[in-house]
Amino acid sequence: MAKASGTTTVAVAARQLALSNLSKILYPETGTTKGEVIDYYSRITPVLIPHLTGRPLSLKRYPNGVDGKGFFAKNVPNGAPDWVRTERLPAPGSTMNRDEIDYLVLPEDEGDALATVVWLANLAALELHVPQWQVGPRGGVRGTDLLVFDLDPGAPATVVECCAVALRLREVLDDDGLVAVAKTSGSKGMQVYAAIKPVDPGRTSDYAKAVAQQLEHENPRNVTSVMARAVRPGKVFIDWSQNNTAKTTVAPYSLRARPAPTVSTPLHWNEVAACERPEELVFTFDAVLERAAAEGDLFLDLLTRERPALPRR
């Protein structure tokens, strides 16, 4: 393994990449190095890339490790190779008051997509976040094609309580003709997704808010659709606002900047139903690589099923 100050040049598909500081510790609690992070991202790409392709990437970078100061980046990083795809897109809700941002978008070419992911991992882009919409091959912004509910437990509630809410969400979505899939957030909560035919911005937020309010009405003791932290202790907050076109959600198979290298991990519904302890749904990158090798992509429904129309509520 290269020394912390060294640089190693590797071939990734048809591209040459200079990887630096491979022995640098990015997760001090577990001693996980940047080289191990790059290895994870290079090996998980068969199931990761399809969920990133065509979606503008937002990055959470931690060049000094998870104990150091991280930063959120939407603009394509400086020094990007000329084969990295970028698209100048509208930037609704930009904290820098920009009308447009030069986003990084994974290309359709699998080799360049793999090389892009490895290049980002070398920049210590530990977390990859994407919106619920895509851009076309010529940079045109498409309609929203994913519905997401972000389930955030307020202590002492945990992911166990999130699982109960997720199961009820699945029933509601099924009644509306939508097929739900679930994943851990890689942190303390989880998300429930459904693929839909592309719709105008705002439709998914309206629908998700109505569903969240329904579940809150059914179970006000344990569920809230209100973001205010004062009402969230002991409840699961159903964050329907993640469907706003200006917002992003952590991608499936992305690492998280937690003490250990945990991953936002797609789940079987029987795992959700059986969960009794929070640690049962904590997966580090080694475990996720094993799951993907044995079971493939548990989020495949988002890519392969016929997309139903989003109902009105």
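Small disclaimer: the values here were computed from a predicted structure and weren't measured.
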Check this for me, if you would: do [X] and [Y] make a salt bridge, where the nitrogen-to-carboxylate-oxygen distance has to be below 4.0 angstrom?
X	Y	result
Arg85	Glu87	yes
Arg313	Asp176	yes
Arg15	Asp112	yes
Arg170	Asp174	no

With no hydrogens and no angle check, is any side-chain donor or acceptor of [X] less than 3.5 Å from a backbone partner on [Y]?
X	Y	result
Tyr253	Thr45	no
Ser254	Val250	no
Glu295	Ala292	no
Thr262	Gly186	yes
Arg307	Pro198	no
Glu271	His268	yes
Thr265	Val263	yes
Arg256	Ser185	yes
Lys235	Ser225	no
Lys34	Ser20	yes

Would you please test Thr144 and Asn243 for side chain to side chain contact (heavy atoms under 4.5 Å, CB included) and show each step?
-> CA-CA 8 Å; Thr144 303; Asn243 296 282; 5.7 Å; no
How many angstroms lie between [atom1] in [X] and [atom2] in [Y], if you round to the nearest 0.5 Å?
X	Y	atom1	atom2	value
Gln191	Leu151	CD	CG	7.5 Å
Leu22	Thr7	CG	OG1	8.0 Å
Ser58	Ile101	OG	CD1	7.5 Å
Tyr40	Thr284	OH	OG1	9.5 Å
Met190	Cys162	CE	SG	7.0 Å
Lys197	Asp145	NZ	CG	13.0 Å

Test of understanding: clusters of I, L, V, M, F, W, Y form through side-chain heavy atoms closer than 4.5 Å, transitively. Do [X] and [Y] belong to the same one?
X	Y	answer
Leu310	Val181	no
Val148	Trp269	no
Trp133	Leu146	no
Val160	Val282	no
Leu147	Leu298	no

In terms of ring plane angle, is the pair Phe72 and His129 parallel, tilted or perpendicular, where the classes change at 30° and 60°?
->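 The arrangement is perpendicular - the two ring planes meet at more than 60°.
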Start with the C-alpha gap between Val105 and Thr86, add the side-chain angles, then the distance that decides, and say whether side chain to side chain contact (heavy atoms under 4.5 Å, CB included) holds.
-> CA-CA 6 Å; Val105 182; Thr86 62; over 6 Å; no
Which pairs count as ring pair (Phe, Tyr, Trp, His ring centres under 6.0 Å) when at least one residue sits in residues 211-252, sequence neighbours excluded?
->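 Of all non-adjacent pairs touching residues 211-252, none passes ring pair (Phe, Tyr, Trp, His ring centres under 6.0 Å).
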Could you give all pairs that pass the ring pair (Phe, Tyr, Trp, His ring centres under 6.0 Å) test and reach residues 146-203, with sequence neighbours left out?
->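 For residues 146-203, and leaving out neighbouring residues, the ring pair (Phe, Tyr, Trp, His ring centres under 6.0 Å) pairs sorted by first residue read Tyr193-Phe299.
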Less than 4.5 Å apart, any side-chain heavy atom of Arg291 and any of Leu267?
->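 Arg291 vs Leu267: side chains touch.
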Heavy-atom side-chain contact between Leu59 and Pro77 under 4.5 Å |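 Sidechains of Pro77 and Leu59: in contact.
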Please report the shortest heavy-atom distance between [X] and [Y], naming the atom on each side.
X	Y	value
Ala115	Trp83	CB-CH2, 3.5 Å
Leu302	Ala194	CD2-C, 3.9 Å
Pro56	Tyr103	CB-CD2, 3.5 Å
Val66	Pro28	CG2-CD, 3.8 Å
Ser42	Leu114	O-CD1, 3.9 Å

Name all pairs fulfilling the salt bridge (Lys or Arg N to Asp or Glu O under 4.0 Å) condition that reach into residues 215-232, sequence neighbours left out, sorted by first residue then second.
->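 Sorted pair list: Asp152-Arg232, Arg168-Glu218.
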State, without any angle test, whether [X] and [Y] hold a side-chain donor-acceptor pair at a distance under 3.5 Å.
X	Y	answer
Ser241	Lys247	yes
Gln132	Thr249	yes
Thr30	Thr32	yes

Side chain to side chain contact (heavy atoms under 4.5 Å, CB included) between Lys188 and Val159, worked out | CA-CA 6 Å; Lys188 61 181 179 176; Val159 73; over 6 Å; no
Knowing that exactly one of Pro131, Pro90, Pro201 qualifies, which makes a side-chain contact (heavy atoms from CB on, under 4.5 Å) with Val141?
->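 Only match with Val141 under side-chain contact (heavy atoms from CB on, under 4.5 Å): Pro90.
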Other residues, nucleotides, ligands: >12 heavy atoms within 6.0 Å of Gln213 CD =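 Yes.
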Does atom CD of Glu306 have more than 12 heavy-atom neighbours, drawn from other residues, nucleotides or ligands, at distances under 6.0 Å?
->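 No, CD of Glu306 has 12 or fewer neighbouring heavy atoms, counting only those of other groups under 6.0 Å.
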Determine, step by step, whether Val179 and Leu173 satisfy the side chain to side chain contact (heavy atoms under 4.5 Å, CB included) criterion, reporting the C-alpha distance in whole Å, the side-chain angles of both residues, the deciding distance to 0.1 Å, and the verdict.
-> CA-CA 7 Å; Val179 178; Leu173 296 181; over 6 Å; no
